[in-house]
Amino acid sequence: MKLVTAIIKPFKLDEVREALAEIGVTGLTVTEVKGFGRQKGHTELYRGAEYVVDFLPKLKLEAAIRDELLEQTIEAIEKAARTGKIGDGKIFVFDLEHVIRIRTGESGPEAL
């Protein structure tokens, strides 16, 4: 089992969610986050004053998946979230040692 975490631009959420649903990813957690990478923020003008926006709004998606869905999941996120511009985000993959569904007590891949 794997935990796939992706940081994406907020307006790409619906496209990514639909792409994941098409390949059979049934659960997704979404968190609003702020951050920066190579993009390093930007400057904006507001009422004539210039200020620096260091942390840009992003969405963090987390999906626990079976090992056999890993490559499809990565491809789906990459294709759906890509704009071709700086700040498209990143995908991280972690091993999941144990998963337990609280309601039923199921554990392992059956709990996904």
query: Do I100 and M1 share a hydrophobic cluster (ILVMFWY, side-chain heavy atoms under 4.5 Å, transitive)?
result: no
message: Please determine whether residues L96 and V4 belong to a single hydrophobic cluster, defined as Ile, Leu, Val, Met, Phe, Trp and Tyr linked transitively by side-chain heavy-atom distances below 4.5 Å.
response: no
Interatomic spacing from CG in L20 to CD in Q72 - rounded to 0.5 Å: 10.5 Å
task: Give, for atom CD1 of I77 and atom CD1 of I91, the distance between the pair rounded to the nearest 0.5 Å.
output: 5.0 Å
message: Restricting to non-hydrogen atoms, name the atom on A63 and the atom on G27 that form the minimum distance, rounded to 0.1 Å.
response: CB-O, 3.7 Å
query: Should I8 and L56 be regarded as members of a common hydrophobic cluster, given that ILVMFWY residues are connected when their side-chain heavy atoms come within less than 4.5 Å of each other, either directly or indirectly?
result: no
query: Roughly how far, to the nearest 0.5 Å, is the CG atom of L70 from the CD1 atom of I65?
result: 5.0 Å
task: May I ask you to check whether over 12 heavy atoms, not counting those of E68, lie within 6.0 Å of atom CD?
output: yes
- prompt: Shared ILVMFWY cluster between V33 and F94, side chains joined below 4.5 angstrom?
  reply: no
message: If we ignore hydrogens and angles and just use 3.5 Å, is the side chain of D88 paired with the main-chain N or O of T83 as donor and acceptor?
response: yes
query: Quick one: NZ on K2 to CG on L69, what's the gap to the nearest 0.5 Å?
result: 12.5 Å
- request: Measure the spacing between CD1 of I7 and OG1 of T5 and express it to the nearest 0.5 Å.
  value: 7.0 Å
statement: One should read off an interatomic distance between E15 CD and K9 NZ, to the nearest 0.5 angstrom, of 12.0 Å
task: Just jot down the salt bridge (Lys or Arg N to Asp or Glu O under 4.0 Å) partners of E106, sequence neighbours excluded, or say none.
output: R101
task: Taking the side chain as every heavy atom from C-beta outward, state whether L59 and E32 have any pair of such atoms under 4.5 Å apart.
output: yes
query: More than 12 non-hydrogen atoms from neighbouring residues, nucleotides or ligands closer than 6.0 Å to NZ on K60, yes or no?
result: no
task: Following the transitive rule for hydrophobic clusters with a side-chain heavy-atom cut-off under 4.5 Å over Ile, Leu, Val, Met, Phe, Trp and Tyr, establish whether L3 and V30 coincide in one cluster.
output: no
